[in-house]
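One structure below.
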Amino acid sequence: AQSVTQLDSHVSVSEGTPVLLRCNYSSSYSPSLFWYVQHPNKGLQLLLKYTSAATLVKGINGFEAEFKKSETSFHLTKPSAHMSDAAEYFCVVGFSGYSTLTFGKGTMLLVSP
Amino acid sequence: DGGITQSPKYLFRKEGQNVTLSCEQNLNHDAMYWYRQDPGQGLRLIYYSQIVNDFQKGDIAEGYSVSREKKESFPLTVTSAQKNPTAFYLCASSATGGGQETQYFGPGTRLLVL
């Protein structure tokens with residue numbers, strides 16, 4: 001069965017410092033992996049997607065994620081946090097042969113001045 | 001502008017009442033999805049449809065019903081059988097419904113019980 005675990009429910013950083021949001025997945029198959037962002041009372045917006053073309057994926061707003069098969073991880077990073085990055089972030093996994101995606105429970109990113 | 005629209009933004013339900021949430025897309029996508037979001041629980045799949053006039057139950061379909069009479073529309077009815085309907089409801093679509101496709105989301109509807 002496919003599953004995804006976001007290791008932190010909340011992450012707090014100061015503006016200008018690096019961001020690391022952690023995600024692990026479980027599967028025997030090659031997954032597609034996504035990161036979405038959700039601002040309060042809004043829908044989800046795609047940040048980036050991994051589909052096996054390259055292990056380091058660059059997304060919007062300076063975010064990137066690295067696929068590490070040996071660690072079954074897909075952590076999201078950004079070198080320098082901005083106040084506007086404060087939001088909830090979802091790691092999502094999908095597999096060929098399934099009809100639906102599986103969502104992590106989310107990580108709330110708090111950015112202080 | 002291409003995208004997904006949901007209406008209303010806020011919806012109030014009285015005890016014993018059925019309410020319907022609207023979802024429309026103009027992306028020409030075959031597949032559409034309904035999710036429920038509660039704090040700390042992520043998104044849970046209610047129903048999905050990969051083609052007109054066909055739909056499947058997700059993980060938490062009890063107390064909900066859907067229809068898919070048109071490609072662009074996938075309304076969700078929250079019935080009186082759903083005892084805890086207060087949540088944020090998100091509609092999404094994808095091109096063909098494959099398990100590795102990007103899903104695109106609407107802005108959501110917040111349902112509150114009076």
Side-chain angles (χ1 to χ4, degrees), chain A residues 1-11 21 23-25 27-53 57 59-60 65 67 74 87-108, chain B residues 3-11 21 23-25 27 30-51 54-61 87-112:
Chain A
Q2 54 183 353
S3 69
V4 58
T5 303
Q6 293 184 242
L7 297 164
D8 305 292
S9 60
H10 292 80
V11 169
L21 305 183
C23 174
N24 286 97
Y25 68 94
S27 169
S28 307
Y29 306 102
S30 296
S32 285
L33 292 156
F34 309 78
W35 277 99
Y36 283 86
V37 61
Q38 184 183 33
H39 289 91
N41 295 308
K42 302 289 187 185
L44 275 68
Q45 180 186 15
L46 180 70
L47 275 179
L48 50 83
K49 177 182 179 181
Y50 166 77
T51 55
S52 80
V57 183
I60 61 172
F67 173 69
F74 190 57
E88 189 160 23
Y89 292 79
F90 292 94
C91 183
V92 182
V93 63
F95 298 96
S96 176
Y98 285 76
S99 300
T100 60
L101 300 176
T102 299
F103 288 75
K105 293 189 182 302
T107 298
M108 187 68 71
Chain B
I4 302 176
T5 57
Q6 292 185 241
S7 62
K9 186 171 183 177
Y10 295 94
L11 186 57
L21 286 62
C23 178
E24 304 274 333
Q25 54 98 0
L27 300 169
D30 286 330
M32 298 185 74
Y33 310 81
W34 274 107
Y35 294 92
R36 171 178 170 141
Q37 186 177 24
D38 297 281
Q41 296 199 43
L43 274 67
R44 292 183 290 168
L45 183 64
I46 304 173
Y47 270 97
Y48 65 101
S49 167
Q50 293 178 298
I51 196 169
D54 189 39
F55 47 82
Q56 287 75 41
K57 294 181 179 180
D59 301 318
I60 56 164
F88 192 52
Y89 291 86
L90 288 160
C91 179
S93 71
S94 68
T96 61
Q100 295 185 292
E101 283 186 347
T102 300
Q103 291 185 13
Y104 298 89
F105 285 81
T109 292
R110 188 165 296 281
L111 177 60
L112 300 164

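Order of the sequence lines sets the chain letters (A, B, ...), proteins ahead of strands, with each chain counted from 1. Below, all heavy atoms of this structure are taken into account, side chains as well, without hydrogens, waters or symmetry copies. Predicted, not measured: the structure shown is a model, and the values here were computed from it.
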Side chain, backbone, both or neither: which part of L101(A) has a heavy atom under 4.5 Å from chain B?
both
Among M108(A), Q6(A), K42(A), Q45(A), single out the residue with the greatest number of heavy-atom pairs under 4.5 Å to chain B.
K42(A)
Which bit of L45(B) comes within less than 4.5 Å of chain A, counting heavy atoms only: side chain, backbone, both or neither?
side chain
Name the region of Q38(A), side chain, backbone, both or neither, that has any atom closer than 4.5 Å to a heavy atom of chain B.
side chain
Checking S9(A) against chain B: side chain, backbone, both or neither under 4.5 Å from a heavy atom?
neither
I'd like to verify something: which residue of G99(B), G106(B), G98(B), G42(B) has the highest number of heavy-atom pairs under 4.5 Å with chain A?
G99(B)
Answer whether the closest heavy-atom distance between the side chains of Y89(B) and Q37(B) falls below 4.5 Å.
no
Please look at E88(A) and chain B and tell me whether the side chain, the backbone, both or neither of the residue comes under 4.5 angstrom of a heavy atom of that chain.
side chain
Main-chain N/O of D8(A) paired to T107(A) side chain as donor or acceptor, under 3.5 Å
yes
Quick one: what part of Q50(B) sits under 4.5 Å from any heavy atom of chain A, side chain, backbone, both or neither?
side chain
Which class fits the ring pair Y35(B) and F105(B): parallel under 30°, tilted 30 to 60°, perpendicular over 60°?
tilted
Geometric class of the Y48(B)/Y33(B) ring pair [parallel <30°, tilted 30-60°, perpendicular >60°]
parallel
May I ask you to test the L44(A)-F103(A) pair for a side-chain heavy-atom distance under 4.5 Å?
yes
Is chain A contacted by the side chain of E101(B), its backbone, both, or neither, given a heavy-atom distance below 4.5 Å?
backbone
Rounded to the nearest 0.5 Å, how far apart are OG of S93(B) and CD of Q103(B)?
8.0 Å
Between F74(A) and Y50(A), how do the two ring planes meet: parallel, tilted or perpendicular, split at 30° and 60°?
tilted
Which one of G104(A), G106(A), S32(A) has the most heavy-atom pairs closer than 4.5 Å to chain B?
S32(A)
